[in-house]
Structure formats: structure tokens, C-alpha cells
Amino acid sequence: MSERGPAARPVHAPPEGVVAALRCSVCSAALTRTGRALRCDNGHTFDLARQGYVNLLHAAVDHGTADTAAMVTAREEFLSGDHYAPLADALATRARGAFVVDAGAGTGHYLARVLDALPHALGLALDVSAPAARRAARAHPRLGAAVWNLWQPWPVGSGVADLVLNVFAPRNPAEFHRVLAPGGRLLVAGPGPGHLRELATSLPLLDIGDDKSERLDDALGEHFDLVERAEVGGPVTLRPEDLRRVVRMGPNAHHLHRDALGERLAALSEPTDVTTAFTVSVYERRG
């Protein structure tokens with residue numbers, strides 16, 4: 001067979017340290033890389049995609065659960081404009097440790113910023129969306145990506161992480177606690193008061209709400225102690241194309257038919273001043 005065919009294209013492999021942190025999603029045994037796959041000693045095999053990510057799921061996800069390729073493209077294009085730079089900076093300045101797990105990593109944008117701030121660290125991006133994992137796998141040379149449902153027990157070793165990131169993503173407190181080493185930290189980021197309020201008053205968007213600190217503390221209180229909380233963000237001016245991207249990169253993308261949202265987005269023609277507001281909470285693992 002010709003070495004020039006698609007089958008001969010090299011695989012972008014995850015770092016060995018990331019593979020060492022993963023576990024078989026069938027039997028929980030350690031995984032090792034063999035050629036273009038990850039395998040455990042019990043014979044379970046998971047192919048590595050050419051882009052370098054691995055899908056450890058056993059079944060397809062329900063429609064509307066994972067970000068679509070269009071949503072991922074919109075997110076990558078929007079975040080590349082640094083409109084959410086205050087959030088990325090807040091996470092990077094609070095990051096520490098040698099191994100970082102990003103739970104709900106999306107395109108890997110925030111994990112890549114954290115790894116830039118930690119020049120000797122490795123990162124694992126977990127996301128239920130294969131298109132997101134495909135982008136994340138190439139977001140940073142010290143990063144590996146795996147497709148997984150965060151609501152399920154994670155295919156990650158216990159106590160392997162020094163830091164867990166959770167940015168606008170589902171929260172599994174028990175798994176946060178399990179994968180963190182003693183003294184490890186959890187960085188949680190979500191919408192703050194008034195986030196994108198100007199858009200919510202002019203478009204029929206789903207209610208974003210703000211990340212109520214008391215509710216978050218209650219959910220994490222069994223396993224974590226709050227160390228710090230910060231409100232970051234500020235005004236930004238978004239061009240029409242970025243207004244469309246910021247809506248299409250989130251849950252509203254699944255509801256563009258509702259109240260003619262898609263048509264109203266397409267009709268946007270002027271820049272708009274928008275408020276960005278994020279709550280960043282730092283927790284330390286208890287026990």
C-alpha cells in the first residue's frame with residue numbers, strides 16, 4: 001500500500017504522561033499506547049483519532065447533549081478574539097501544579113492558557129463532544145484529549161491531578177475530589193451577574209442566569225473548602241459576526257428555531273456594547 005494514502009498519515013499522539021493518567025473505561029485498568037491505539041492489559045482497545053484524541057465512550061451521546069461541530073467552530077472563532085481574556089487571565093494566574101484536568105474543556109482554549117502559565121505541566125481535556133476534543137487535542141503540545149461524559153465516573157486515575165478546571169461545564173464533585181491529589185485545587189468559572197445582559201434584552205435567548213455562589217458552595221461543600229472568589233470581566237464591543245458566534249457557541253445553538261432566533265441573528269448589522277461577567281472560585285480538596 002502506498003505510504004502516501006490517508007491510512008498512512010501520522011497520528012498526533014497525546015503526551016505519555018497524559019496516557020499514564022487515563023484508565024480503561026470498561027475495566028478501569030491502566031492504558032498504554034500501542035501504535036494508533038490505547039490498550040489495557042485486559043484487551044480493551046480504543047483507537048486514537050488522527051488528530052490525537054481518544055473516544056472512551058461506549059455509546060453515542062443523546063442529541064442536544066454534546067456541542068456540534070458548528071458550535072465548536074463558533075466557540076473557537078469567538079475565543080480567538082480574546083473577548084473573554086479577563087477570564088483566561090484569572091484562571092492562568094491562579095493555576096498551579098504539574099498535571100491539570102479540564103472537565104468540560106471544549107476547544108481547550110482555557111487549558112492551553114493555563115499550560116502556558118505552567119511551563120512544566122501536562123493537561124488532560126475531557127469533553128463529551130468529539131468535535132471539541134478534536135480541536136482541544138491540538139490546542140497545546142502538552143495536552144491530550146479524551147471524549148467522555150462528565151456525569152459518569154471518569155476514566156482517570158485517582159489522585160493524579162494537582163488542578164481541575166471547570167469552566168462553564170457540568171460539575172461532578174465526587175469525581176473532582178477523586179482525581180485530585182491531597183492538597184489539590186479546583187478552579188470553577190461560570191457566568192457572573194449581568195453576563196451578556198444586553199443580548200438577553202434584545203434577543204430571545206435561554207436564561208443564562210448567574211452562577212449563584214451559595215448554590216455552588218453547597219454543591220461542593222462535602223469535598224472542598226473555598227479559598228478565594230473573584231469577579232472578573234468588563235465591557236466589550238462585539239461585531240455582528242461575534243454576536244452571532246457568542247450565541248451559536250452555547251446552548252442557544254440548539255434552539256435557533258425558537259422565536260426566529262436564527263433569523264434575528266442573521267439580521268444583526270451593527271456592533272454592540274456587551275457586558276461580560278464571570279465568577280471564578282478557587283477550592284481546595286478536603287481530606
Side-chain angles (χ1 to χ4, degrees), residues 14-22 75-76 79-80 82-127 132-133 135-146 148 150 154 156-173 175-192 211 213 216-217 220 223-234 276-286:
E16 289 186 10
V18 174
V19 175
L22 290 170
R75 180 175 292 111
E76 185 172 58
L79 293 177
S80 68
D82 271 347
H83 306 297
Y84 285 3
L87 173 57
D89 292 342
L91 295 170
T93 57
R94 289 163 173 80
R96 69 184 197 184
F99 195 88
V100 185
V101 175
D102 191 343
T107 63
H109 175 82
Y110 297 109
L111 180 53
R113 292 289 292 271
V114 163
L115 293 177
D116 282 341
L118 301 173
H120 303 293
L122 296 175
L124 168 62
L126 295 177
D127 202 284
R135 301 291 180 102
R138 291 182 175 269
H140 197 280
R142 288 183 274 115
L143 183 159
W148 188 249
L150 295 177
W154 300 354
V156 180
S158 298
V160 299
D162 304 296
L163 178 68
V164 170
L165 301 180
N166 182 250
V167 184
F168 283 81
R171 292 161 194 157
N172 190 330
E175 286 300 280
F176 292 162
H177 185 269
R178 184 186 64 80
V179 303
L180 277 169
R185 287 196 168 183
L186 167 67
L187 289 183
V188 179
D211 219 351
S213 299
L216 180 60
D217 293 344
L220 297 173
H223 300 288
F224 293 92
D225 294 315
L226 179 67
V227 175
E228 179 195 359
R229 175 161 288 131
E231 303 291 340
V232 300
T276 66
F278 314 99
T279 300
V280 178
S281 302
V282 184
Y283 295 90
E284 188 165 291
R285 182 189 189 273
R286 184 182 299 150

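Only heavy atoms go into these numbers, but all of them, side chains included; no hydrogens, no water, no symmetry mates.
- Applying the ring pair (Phe, Tyr, Trp, His ring centres under 6.0 Å) criterion to Phe176, with sequence neighbours excluded, gives Trp154.
- Two residues are said to be in side-chain contact when any heavy atoms from C-beta on lie closer than 4.5 Å; Thr279 and Leu216 fail this criterion.
- Annotation for Pro14 and Gly144: closest pair CB-CA, 4.0 Å, computed over non-hydrogen atoms.
- For Glu228, the CD atom is densely surrounded, since the number of other residues' heavy atoms within 6.0 Å is greater than 12.
- Closest approach of Ala92 to Ala117, counting heavy atoms only: O-CB, 3.7 Å.
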Query - Audit row: His140, Asp116, side-chain contact (heavy atoms from CB on, under 4.5 Å) steps and yes/no - result: CA-CA 9 Å; His140 197 280; Asp116 282 341; 3.0 Å; yes
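- Applying the side-chain hydrogen bond (donor to acceptor under 3.5 Å, both in side chains) criterion to His223, with sequence neighbours excluded, gives no partner residue.
- Side-chain contact check for Val179 versus Phe99: every heavy-atom pair is 4.5 Å or farther apart.
- To the nearest 0.5 Å, atom OG of residue Ser80 and atom CZ of residue Arg75 are 13.0 Å apart.
- Between Leu143 and Val18 the shortest side-chain heavy-atom distance does not fall below 4.5 Å.
- The minimum heavy-atom distance between Pro141 and Pro15, with the atom names listed, is O-CG, 3.8 Å.
- Contact check on Asp127 versus Arg135 returns no salt bridge, with no Lys/Arg side-chain nitrogen under 4.0 Å from an Asp/Glu carboxylate oxygen.
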Query - Glu175 vs Val101, side-chain contact (heavy atoms from CB on, under 4.5 Å): CA-CA, chis, key distance, verdict - result: CA-CA 11 Å; Glu175 286 300 280; Val101 175; over 6 Å; no
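- The structure places CH2 of Trp148 at 12.5 Å from CG of Leu124, a figure rounded to the nearest 0.5 Å.
- From Asp102, atom CG reaches atom OH of Tyr110 across 10.0 Å, with rounding to the nearest 0.5 Å.
- For the pair Arg285/Val164, no side-chain contact is recorded, criterion being any heavy-atom separation below 4.5 Å from C-beta on.
- Side chains of Leu180 and Phe224 form a contact here, defined as non-hydrogen atoms less than 4.5 Å apart.
- Within the model, atoms CG of Asp225 and CZ of Arg286 stand 4.0 Å from one another, a figure rounded to the nearest 0.5 Å.
- Side-chain contact check for Leu163 versus Val114: some heavy-atom pair is nearer than 4.5 Å.
- Leu186 is listed as a side-chain neighbour of Val188, based on a closest heavy-atom distance under 4.5 Å.
- To the nearest 0.5 Å, atoms CZ (Arg94) and CG (Leu187) are separated by 8.0 Å.
- By the 4.5 Å heavy-atom criterion applied to side chains, Arg113 and Asp89 are counted as neighbours.
- Contact detail for Ala95 and Leu118: the closest heavy-atom pair is O-CD2, 3.7 Å.
- With hydrogens and angles disregarded, a donor-acceptor distance shorter than 3.5 Å links the side chain of Thr276 to the backbone of Gly234.
- In terms of heavy-atom proximity, Leu87 sits nearest to Ala189 at CD1-CB, 3.7 Å.
- Judged by distance alone, the side chain of Arg142 and the main-chain N or O of Leu115 form a donor-acceptor pair under 3.5 Å.
- In terms of heavy-atom proximity, Val232 sits nearest to Ala90 at CG1-CB, 4.1 Å.
- Under the side chain to side chain donor-acceptor pair (under 3.5 Å) criterion, the residue pairs touching residues 156-170 are Ser158-Arg178, Asn166-Arg171, with sequence neighbours excluded.
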